[in-house]
Amino acid sequence: QLQASGGGVVQPGGSLRLSCTASGRTSGISALGWFRRAPGKEREFVGQISDRSSFPFYANSVKGRFTISRDNAKTTVYLQMDSLKPEDTAVYYCAASNILGTPRRDFEYPYWGLGTLVTVSS
């Protein structure tokens with residue numbers, strides 16, 4: 001089970017931090033990722049962090065503005081979003097993968113949490 005939280009309304013240029021906690025059977029999880037779906041658009045990959053790597057991977061659209069981290073138990077992942085833009089407005093989802101490497105496509109993530117809405121608006 002995945003539970004995401006931390007969404008809200010923020011002005012352009014502001015920051016938000018999303019959290020996602022995995023519970024239950026977590027031993028098979030190899031990566032935790034973030035995706036988003038903007039109004040009228042398809043769901044897109046935001047970033048992910050693998051179990052065996054300390055280096056997250058980001059989509060070009062958020063690189064340099066978003067930071068993914070996790071706790072030592074590797075069951076909670078965070079998405080720190082800085083310098084937010086109106087085009088970052090979306091429902092953000094966390095997801096878990098059991099694929100090794102750097103899964104970036106939504107079909108590589110069999111486990112999904114409910115989304116949390118982020119609205120960037122003045």
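A salt bridge is defined here as a Lys NZ or Arg NE, NH1 or NH2 lying under 4.0 Å from an Asp or Glu carboxylate O, and R43 with D106 meets this definition.
A donor-acceptor pair is defined here as one N or O able to donate and one able to accept, closer than 3.5 Å; no such pair exists between the side chain of R70 and the backbone of T76. Here the side chain of T116 pairs no donor or acceptor atom with the backbone of S5 at under 3.5 angstrom. Between the Y92 side chain and the V46 main chain, no donor and acceptor come within less than 3.5 Å of each other.
No cation-pi contact links R36 to Y93, judged by a cut-off of 6.0 Å to the six-membered ring centre and 45° from its axis. A cation-pi arrangement, defined by a distance under 6.0 Å to the six-membered ring centre and an angle within 45 degrees of its axis, is present between R17 and Y78.
F55 CZ: 12 or fewer foreign heavy atoms inside a 6.0 Å radius. Around the CG atom of L114, the shell of radius 6.0 Å holds no more than 12 heavy atoms that belong to other residues, nucleotides or ligands.
E87 and T89 form no side-chain donor-acceptor contact under 3.5 Å, judged by distance and modelled atom types alone. For the residue pair D51 and S30, no side-chain donor N or O sits within less than 3.5 Å of a side-chain acceptor on the partner.
Not less than 6.0 angstrom separates the ring centroid of F45 from the ring centroid of W34.
Across every non-hydrogen atom of R104 and F57, the tightest pair is CD-CE2, 3.0 Å. Shown here for G101 and Q48, the closest heavy-atom pair between the two residues is O-NE2, 4.2 Å. Considering every non-hydrogen atom in both P56 and I49, the closest pair reads CG-CD1, 4.0 Å.
Summarising the geometry, atom CG belonging to D82 is positioned 6.0 Å from atom OG1 belonging to T67; distances are rounded to the nearest 0.5 Å.
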Evaluate the criterion side chain to side chain contact (heavy atoms under 4.5 Å, CB included) for residue pair S15 and Q80; output intermediate values, then yes/no.
-> CA-CA 7 Å; S15 298; Q80 176 67 40; 3.8 Å; yes

